[in-house]
Amino acid sequence: MKPLIILGALLLSSPPAFADDFIYLKCENQTRLTSSEIKTGKIINDGEIKAETVYLKIDPIGNRFMSYKTSSDKKDYRWDEANITGGVLSASIANANEALEVNGEIDVEFEPAGKLKSKVSAIAFGMISTEIDITGDCVNVAGSIFEEALKEPDN
């Protein structure tokens with residue numbers, strides 16, 4: 001009987017960010033964009049920087065994650081695959097269609113919560129090349145914070 005009481009106490013004392021086997025993070029990021037015309041090499045913008053907030057829902061057991069950017073006008077929430085080891089999430093970003101080709105990677109420290117780093121290359125309409133560097137600091141939040149962020153109106 002004693003082991004059951006101890007196990008119950010341990011389960012009840014888990015932090016809220018880990019209560020449902022998911023880890024929730026809020027990351028304050030700086031995004032740096034550098035774009036150029038492919039044909040001429042002319043710089044369109046050189047290091048434009050903007051701040052954004054990203055919320056992450058991480059499933060360490062399922063090796064997957066879901067993200068939401070407050071600056072996004074697209075409400076498409078789906079699980080993406082990741083490599084999760086040693087408290088770090090690493091994932092490749094690859095997407096291509098007739099208008100846009102995107103390739104990159106993201107690394108997020110989540111145990112303990114820490115740095116987010118991402119580097120992405122994008123080509124739009126075969127005409128404009130953009131390099132995107134993202135760095136941020138993440139903190140653990142409760143699952144309810146992530147869910148509330150999803151309900152916020154578009155910016």
Side-chain angles (χ1 to χ4, degrees), residues 6-36 43-97 99-124 128-155:
I6 293 171
L7 179 61
L10 286 173
L11 290 173
L12 291 174
S13 67
S14 68
F18 302 95
D20 58 3
D21 293 330
F22 297 121
I23 297 167
Y24 298 91
L25 298 177
K26 177 181 179 181
C27 304
E28 298 295 337
N29 299 331
Q30 294 290 316
T31 301
R32 181 183 191 103
L33 303 168
T34 304
S35 299
S36 62
I43 301 295
I44 296 169
N45 69 39
D46 189 12
E48 176 187 338
I49 297 175
K50 69 177 189 172
E52 68 180 359
T53 302
V54 174
Y55 293 89
L56 298 168
K57 180 177 183 177
I58 300 171
D59 177 4
I61 296 169
N63 286 311
R64 60 189 187 152
F65 73 104
M66 181 183 292
S67 64
Y68 169 70
K69 288 193 288 189
T70 56
S71 62
S72 177
D73 59 353
K74 187 176 179 184
K75 299 256 181 191
D76 177 25
Y77 315 114
R78 67 183 193 295
W79 289 107
D80 291 306
E81 292 182 18
N83 179 21
I84 299 176
T85 56
V88 177
L89 175 149
S90 297
S92 295
I93 301 164
N95 190 7
N97 59 42
L100 186 65
E101 180 181 334
V102 178
N103 291 293
E105 55 190 44
I106 183 170
D107 294 302
V108 182
E109 299 170 348
F110 66 88
E111 284 184 345
K115 300 290 182 189
L116 177 147
K117 294 179 185 178
S118 180
K119 186 162 183 77
V120 178
S121 297
I123 297 176
I128 298 173
S129 174
T130 303
E131 296 296 321
I132 306 163
D133 290 306
I134 303 170
T135 57
D137 294 304
C138 303
V139 295
N140 288 100
V141 295
S144 60
I145 303 284
F146 179 87
E147 298 302 325
E148 283 301 313
L150 296 180
K151 295 176 187 174
E152 289 179 6
D154 294 341
N155 293 337

Value for CD1 (Ile58) from CG (Asn63), rounded to nearest 0.5 Å, stands at 11.5 Å
Which residues satisfy the salt bridge (charged side-chain N to carboxylate O under 4.0 Å, His left out) test with Asp137, sequence neighbours excluded?
Lys115
Heavy-atom closest contact (Tyr68 atom, Ala149 atom, distance)
CE2-O, 3.2 Å
On a heavy-atom basis, the closest approach of Ser118 and Val120 is OG-CG2, 3.7 Å
On a heavy-atom basis, which atom in Thr34 and which in Gly47 lie closest, and how many Å separate them?
OG1-N, 3.3 Å
For Ile23 and Asn140, what are the C-alpha separation, side-chain angles and deciding distance, and is it a side chain to side chain contact (heavy atoms under 4.5 Å, CB included)?
CA-CA 7 Å; Ile23 297 167; Asn140 288 100; 3.7 Å; yes
Do Phe22 and Met66 come within less than 4.5 Å of each other through their side chains, counting heavy atoms only?
no
So, do Thr31 and Ile132 sit near enough that their side-chain heavy atoms are less than 4.5 Å apart?
yes
side-chain hydrogen bond (donor to acceptor under 3.5 Å, both in side chains) partner of Asp133, the single match among Arg32, Gln30, Lys119
Lys119
Among Ser36, Ser35, Ser121, whose side-chain hydrogen bond (donor to acceptor under 3.5 Å, both in side chains) with Thr130 holds?
Ser35
Are the side chains of Lys57 and Glu147 in contact, using a 4.5 Å heavy-atom criterion?
yes
Not counting sequence neighbours, which residues clear side-chain hydrogen bond (donor to acceptor under 3.5 Å, both in side chains) with Asn29? List them please.
none
Evaluate the side-chain proximity of Leu25 to Leu116: yes if any heavy-atom separation is below 4.5 Å, no if none is.
no
Could I get the full list of side-chain contact (heavy atoms from CB on, under 4.5 Å) partners for Ala94, not counting sequence neighbours?
Asn103
Could you pull out all residues at least two apart from Glu131 that satisfy salt bridge (charged side-chain N to carboxylate O under 4.0 Å, His left out)?
none
State plainly whether the residues Lys117 and Asp107 are in salt-bridge range, i.e. N to O under 4.0 Å.
no
Going from CZ on Phe65 to OG on Ser90, what distance comes out if it is rounded to the nearest 0.5 angstrom?
10.0 Å
For the backbone of Ile123 and the side chain of Ser129, can you confirm whether one donor and one acceptor N or O come within less than 3.5 Å of each other?
no
Rounded distance (nearest 0.5 Å) linking atom CZ of Phe146 with atom NZ of Lys151:
12.0 Å
I'd like to check the side-chain contact (heavy atoms from CB on, under 4.5 Å) partners of Ile145; sequence neighbours left out, ordered by chain and number.
Tyr55, Val141, Ala142
Pair up each side-chain donor or acceptor in residues 80-89 with any protein partner under 3.5 Å, not counting sequence neighbours, and list the distances.
none

